[in-house]
Protein chains: 2
Amino acid sequence: MRTLRYYDEINLLTPAGKTEGGHRLYGEKELKKLQEIQFLKTLGFSLKEIKEMLSDENWNWSQGLQSQLNYILDEKEKIINIEKTLIGLINSLRIDGAIDLIEINKLIQLYQDDFERRKVYRKRMFHEKERQLLDLLPNVNSLDPDSLEWVSLLGQLKQHMEKGVEAPEIQRIVGRIHEKSIETFGENDDFFDKLWEIRKSPEKSNKAGFYPIEQEVLNFFDKAWQVFQEKQRKEEG
Amino acid sequence: MRTLRYYDEINLLTPAGKTEGGHRLYGEKELKKLQEIQFLKTLGFSLKEIKEMLSDENWNWSQGLQSQLNYILDEKEKIINIEKTLIGLINSLRIDGAIDLIEINKLIQLYQDDFERRKVYRKRMFHEKERQLLDLLPNVNSLDPDSLEWVSLLGQLKQHMEKGVEAPEIQRIVGRIHEKSIETFGENDDFFDKLWEIRKSPEKSNKAGFYPIEQEVLNFFDKAWQVFQEKQRKEEG
DNA sequence: TCTTGAAAGTGACGTTACGTCATCTTGTAT
DNA sequence: ATACAAGATGACGTAACGTCACTTTCAAGA
């Protein structure tokens with residue numbers, strides 16, 4: 001009811017007549033118009049725009065709809081960006097256990113501004129084939145099962161860190177990370193080492209556009225990884 | 001500048017001090033806070049919410065981000081619906097050439113049903129209690145890394161299901177599930193129960209990165225599991 | 001015809017995150 | 001000392017209603 005009063009106020013939809021007492025009376029025509037208004041509203045038009053459209057006999061619908069579509073597409077892009085950022089935050093929160101909003105913000109800025117430079121850097125560091133593998137890297141900004149497995153593994157590592165690198169829990173997690181990386185990158189150890197070198201250095205990671213992981217966790221994994229490899233060698237040899 | 005005045009008014013960000021004349025002075029700390037505010041704003045939080053988050057020492061970030069993500073996903077869905085409708089309209093315009101309100105009205109009829117369905121608005125659940133009422137469901141984003149690994153593994157299984165039980169991708173995933181289950185339950189293989197337990201929860205929503213574990217997936221896993229065991233026996237025997 | 005209670009009317013303020021005047025005061029460079 | 005840019009203050013405007021508080025009208029039953 002409030003709505004009808006408002007539409008009346010702004011002359012968007014005036015009642016067909018009024019009773020002596022002032023009650024608003026609407027006819028068939030007005031009902032139809034109301035439906036039109038509701039419909040256009042769901043398309044995201046403002047009442048002002050709707051008023052214009054409905055009152056202009058020669059309104060150019062195709063142009064109006066097109067520009068509305070453009071606007072909506074813009075909004076969609078914005079929302080998708082927010083979504084990605086939120087997912088990234090949630091994942092990194094899981095890996096690191098804490099967040100520094102400002103650091104993350106910087107990263108995002110960097111990510112947005114520096115896309116080109118990062119591409120160049122990656123080109124310098126990796127061959128064609130390796131770059132294809134790079135695209136397989138877990139994407140913190142997504143919730144697909146594959147990325148989630150990485151996130152969960154790193155998160156568990158962090159969780160059990162206090163138990164030390166030799167703890168069986170840790171070694172099992174490292175084992176699964178190993179397998180996962182074989183699945184992702186193949187048996188290509190060179191590539192893995194190279195990646196790991198970059199990963200370990202915050203600056204290089206940053207340049208390459210890798211998602212930052214706490215240094216502590218990285219160092220811990222490095223040690224645990226060495227233990228793991230030694231054990232494997234022993235078993236084999 | 002207007003912005004700073006406003007933040008001061010609502011006690012979101014008060015200046016570190018003022019000059020005799022009343023000019024606002026901001027220090028390093030305030031600058032940082034301002035940046036945080038700006039960042040959170042880009043994520044779609046309202047100033048009221050931001051105020052709460054930043055002033056609460058024990059703010060539950062993971063939950064807050066999560067509910068914001070849900071809200072954003074909702075918005076995204078709405079926008080995508082608008083987009084579809086607009087595209088539909090534009091296309092039908094192209095076919096018919098001229099369109100007038102009569103045409104639009106036909107389409108209104110078409111979409112009318114949708115309106116009705118969409119009237120069940122979901123509100124944004126910012127506060128814990130409100131959420132607890134409506135969604136008790138475990139959501140990937142609120143899971144601990146350990147459970148997350150399960151979800152991610154099953155999710156990957158589902159992703160590659162079409163390749164058949166014998167596919168190497170599948171067998172590798174099954175292998176990791178096997179290891180994970182040993183870690184969790186020991187050598188006895190009763191982790192099927194666990195799977196069924198996980199299965200009980202979902203169904204409600206599979207957006208928001210929520211992975212329902214369907215019957216189909218479980219059946220598939222069952223078969224793949226048998227293949228896996230056979231292979232192992234062969235290797236051993 | 002009178003009563004009565006629900007529905008409708010009116011007016012006003014609240015909502016968000018500032019933008020934009022108009023007017024006044026301060027800080028600072030010359 | 002003076003001039004002038006920059007900041008402060010207060011106020012109104014924004015979009016589309018929601019939500020009081022209070023009054024009036026309409027239609028049905030006695």
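In what follows, every chain begins at residue 1, and chains take the letters A, B, ... in the order their sequences are listed. Treat the numbers as computed from the prediction; the structure is a model and nothing was measured.
Partners of Ser46(A) under the side-chain hydrogen bond (donor to acceptor under 3.5 Å, both in side chains) rule, at least two apart in sequence or in another chain, are Glu49(A). Considering only residues two or more places apart in sequence or on other chains, Lys76(A) meets the salt bridge (charged side-chain N to carboxylate O under 4.0 Å, His left out) condition with Glu83(B). Partners of Arg24(B) according to the side-chain hydrogen bond (donor to acceptor under 3.5 Å, both in side chains) rule, which considers only residues two or more places apart in sequence or in another chain, are Asp8(B). The side-chain hydrogen bond (donor to acceptor under 3.5 Å, both in side chains) check on Glu30(B) picks up nothing, with sequence neighbours excluded. Residues satisfying the side-chain hydrogen bond (donor to acceptor under 3.5 Å, both in side chains) test with Glu75(B), not counting sequence neighbours, are Lys78(B).
Remark: C1' of dC21(C) and CE of Met1(B) are 18 Å apart, rounded to the nearest angstrom. Regarding Asp8(B), its CG atom lies at a distance of 15 Å from the C1' atom of dG10(D), rounded to whole Å. Regarding Asn11(B), its CG atom lies at a distance of 16 Å from the C1' atom of dA17(C), rounded to whole Å. Regarding His23(B), its NE2 atom lies at a distance of 4 Å from the C1' atom of dG7(D), rounded to whole Å.
Within the structure, no pair that satisfies the salt bridge (charged side-chain N to carboxylate O under 4.0 Å, His left out) test touches residues 59-74 of chain A, not counting sequence neighbours.
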Identify each atom pair where a protein N or O and an N or O of nucleotides 12-18 of chain D are less than 3.5 Å apart, giving names and distance.
from, atom 1, to, atom 2, distance (Å)
dA16(D), OP1, Leu47(A), N, 3.0
dC17(D), OP1, Lys41(A), NZ, 3.3
dC17(D), OP2, Tyr7(A), OH, 3.0
dC17(D), OP2, Lys41(A), NZ, 3.3
dG18(D), N7, Arg2(A), NH1, 3.4
dG18(D), O6, Arg2(A), NH1, 2.6

Report, one pair per line, the protein and nucleotides 1-6 of chain C atoms (nitrogen or oxygen only) whose separation is under 3.5 Å.
none

Scan nucleotides 28-30 of chain C against the protein and return all N/O pairs shorter than 3.5 Å with their distances rounded to 0.1 Å.
none

Under 3.5 Å, N/O pairs linking protein and nucleotides 3-5 of chain D:
none

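Contact annotation: the side chain of Gln156(A) approaches that of Ser152(A) to within less than 4.5 Å [non-hydrogen atoms, C-beta and beyond]. In this structure the side chain of Thr42(B) never reaches within 4.5 angstrom of the side chain of Ile82(A), judged on heavy atoms.
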Pair Leu157(A)-Val174(A), side chain to side chain contact (heavy atoms under 4.5 Å, CB included): steps then yes or no: CA-CA 8 Å; Leu157(A) 207 64; Val174(A) 172; 4.3 Å; yes
Where do Gln66(A) and Gln63(A) land on the side chain to side chain contact (heavy atoms under 4.5 Å, CB included) test, with the steps shown first? CA-CA 5 Å; Gln66(A) 189 60 52; Gln63(A) 206 174 77; 5.6 Å; no
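For Arg5(A) against dG11(C), a side-chain-to-base donor-acceptor contact under 3.5 Å is present.
Place Gly21(A) and Gly21(B) on DNA chain C by their nearest nucleotides, and Gly21(A) ends up nearer the 5' end.
In the model, Glu77(A) has no side-chain atom that pairs as donor or acceptor with a side-chain atom of Asn81(A) under 3.5 Å.
A side-chain donor-acceptor contact under 3.5 Å links Gln68(A) to the backbone of Leu43(A).
A salt bridge links Arg176(B) with Glu149(A): the closest approach of a Lys/Arg side-chain nitrogen to an acidic carboxylate oxygen falls below 4.0 angstrom. Between Glu36(A) and Lys33(A), none of the side-chain N atoms (NZ, or NE/NH1/NH2) sits under 4.0 Å from a carboxylate O, so this pair counts as no salt bridge.
Within residues 12-20 of chain B, the residues having any heavy atom closer than 4.0 Å to DNA chain C are, in order of number, Thr19(B).
Between Trp196(A) and Phe221(A), a ring centre-to-centre spacing shorter than 6.0 Å is recorded.
Distances shown here put a side-chain N or O of Arg24(B) below 4.0 Å from the OP1 or OP2 atom of dA8(D).
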Sequence neighbours excluded and cut-off under 3.5 Å, please list the side-chain donor-acceptor pairs for residues 9-20 of chain B, or say none.
from, atom 1, to, atom 2, distance (Å)
Thr19(B), OG1, Gly21(B), N, 3.3
Thr19(B), OG1, Gly22(B), N, 3.3
Thr19(B), OG1, His23(B), N, 3.0

